[in-house]
Colleague: 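What follows is a structure written as structure tokens; I'll ask about it next.
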Amino acid sequence: MDTSSSSRRIGVVGYGHLGQYLVQRILRDGPAHGLTLAFVWNRNSDRLRDCVPAELVLTDLSSFAERRCDVVVEVCHPQIVRDFGLRFLSQAHFMVGSPSALSDPDVNQQLRQASQQHGRTLYVPSGALWGGQDIQRLSDSGSLKALFIRMSKHPSCFRLTGDVLSGWTEDEGRRVLFRGSVAELCPLAPNNVNTMAAAAVAAGTTLGFSGVQGEIVSDTALRDYHVVEVEATGPDGFSVHTVRRNPAKLGAVTGSATYNSFWNSLLFCEGHGGRVYLC
Ligand SMILES: NC(=O)c1ccc[n+]([C@@H]2O[C@H](COP(=O)([O-])OP(=O)(O)OC[C@H]3O[C@@H](n4cnc5c(N)ncnc54)[C@H](O)[C@@H]3O)[C@@H](O)[C@H]2O)c1
């Protein structure tokens, strides 16, 4: 669809915390920003009843193209990116809320190719990442030598696939759970490493998922916020170190500021050609 003159039609895939937030914002604030809701899909559509106008509920995701979207937003699960990402890009720009899916080199390459082939943009929201576009510029100019991201959270805020965090106690303080490449980290903590995955996409031309290093830290002192630290290293002694405190409720995987960050990212999705774009 032509996005230049008419309102942009947004399809939202997933109706958990982020999906509910985005749907409500599009319904409330979308018209003022030229956005309208084309559909909402959730694997359990009962959850949408009484929350979303019936005509906007999509029951079969395979028929999403009938809703003629300009942008499809995934806020669901990396599996949906793997299963539907190529189809979304064949019809619309695609904002991938679960960029940890791109840690699989095949998925990464296929989505980049589809984006080029169809002239649609694969948007990666920066989420809780500070300075993503600076990292991307440093990488694209070939000057990024190393990148390290540390995410520290209260243990109740982690959703890990293994039992590395079992048996934690409230008085145990700080514990490094894992340190390694973002490629190794993504399967271990797919819901906690999206910020690192966004950084790996930003550094895609130099370091990528296997070159960017990450660390996840459990810290029982962090009852009110998550901490995201980024250390970027360039040539001749150049370095940047940022520390972001992201207010978050106890047990929350996603920091409060990340919701608004997603909305701002969505406003950017106007079409930037067939490429990956950090927004
Ligand atoms: N990019 C970022 O900075 C960032 C920040 C927060 C969350 N995320 C990611 O965005 C996604 C949504 O986050 P959320 O906080 O809204 O999560 P959530 O758990 O609140 O909601 C996820 C929704 O997807 C559904 N779902 C889960 N697994 C599914 C599957 N395999 N197939 C189909 N549906 C499935 C759930 O039923 C739920 O409705 C997650 O993948 C999360 O990791 C990314």
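Each ligand, and each atom within it, is numbered from 1 in the order the structure gives. Both backbone and side-chain heavy atoms feed into the values below; hydrogens, waters and symmetry mates do not. For the single chain, residues carry numbers from 1 onward in sequence order.
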Colleague: Below 4.5 Å, heavy atoms only, C-beta onward: do R25 and H33 meet side chain to side chain?
Modeller: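 Contact flag for R25/H33 side chains = no.
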Colleague: At what distance is the nearest protein heavy atom to atom 6 (C) of ligand 1, and which residue and atom is it?
Modeller: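 The answer is T254 OG1, 3.2 Å.
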Colleague: Heavy-atom distance to atom 38 (C) of ligand 1: which of M95, R159, R47, R43 wins?
Modeller: R47
Colleague: Is there a nitrogen or oxygen of T258 sitting under 3.5 Å from a nitrogen or oxygen of ligand 1?
Modeller: no
Colleague: Partners of R87 by side-chain hydrogen bond (donor to acceptor under 3.5 Å, both in side chains), sequence neighbours excluded?
Modeller: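 By the side-chain hydrogen bond (donor to acceptor under 3.5 Å, both in side chains) rule, R87 matches no residue at all.
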Colleague: State the CG-NE2 distance between L22 and H17, to the nearest 0.5 angstrom.
Modeller: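 So the gap between those two atoms works out to 13.0 Å.
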Colleague: Any side-chain donor paired with an acceptor under 3.5 Å for Q109 and R112?
Modeller: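 Q109 vs R112: no donor-acceptor pair found between side chains.
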Colleague: Are T206 and S139 linked by a side-chain donor-acceptor pair shorter than 3.5 Å?
Modeller: yes
Colleague: Counting heavy atoms only, which of P190, G127, C76 is nearest atom 3 (O) of ligand 1?
Modeller: G127
Colleague: Report the part of N42 (side chain from C-beta onward, or backbone N, CA, C, O) that has a heavy atom under 4.0 Å from ligand 1; answer both or neither where that applies.
Modeller: side chain
Colleague: Tell me whether K249 contacts the main-chain N or O of D224 through its side chain, where contact means a donor paired with an acceptor under 3.5 Å.
Modeller: no
Colleague: What do you reckon, does S126 have a nitrogen or oxygen under 3.5 Å from a nitrogen or oxygen of ligand 1?
Modeller: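 Between S126 and ligand 1, no N or O pair is found under 3.5 Å apart.
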Colleague: May I ask you to identify, for A198, whether its side chain, its backbone, both or neither come under 4.0 Å of ligand 1 on a heavy-atom basis?
Modeller: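 It is neither part, as no heavy atom is under 4.0 Å.
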Colleague: Under 4.0 Å, heavy-atom basis, I'd like to know which part of F262 is in contact with ligand 1: side chain, backbone, both or neither.
Modeller: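 F262 to ligand 1: side-chain contact only, backbone stays beyond 4.0 Å.
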Colleague: When you measure from the side chain of S103 to the backbone of A183, do you find a donor-acceptor pair of N or O atoms at a distance under 3.5 Å?
Modeller: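 Not confirmed, S103 side chain does not pair with A183 backbone.
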Colleague: Can you check whether W41 has an N/O within less than 3.5 Å of an N/O in ligand 1?
Modeller: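 Not met; the criterion fails.
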Colleague: Could you tell me if any non-hydrogen atom of V75 lies under 4.0 Å from any atom of ligand 1?
Modeller: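 A heavy atom of V75 does come that close to ligand 1.
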Colleague: Is atom 19 (O) of ligand 1 less than 4.0 angstrom from at least one protein heavy atom?
Modeller: no
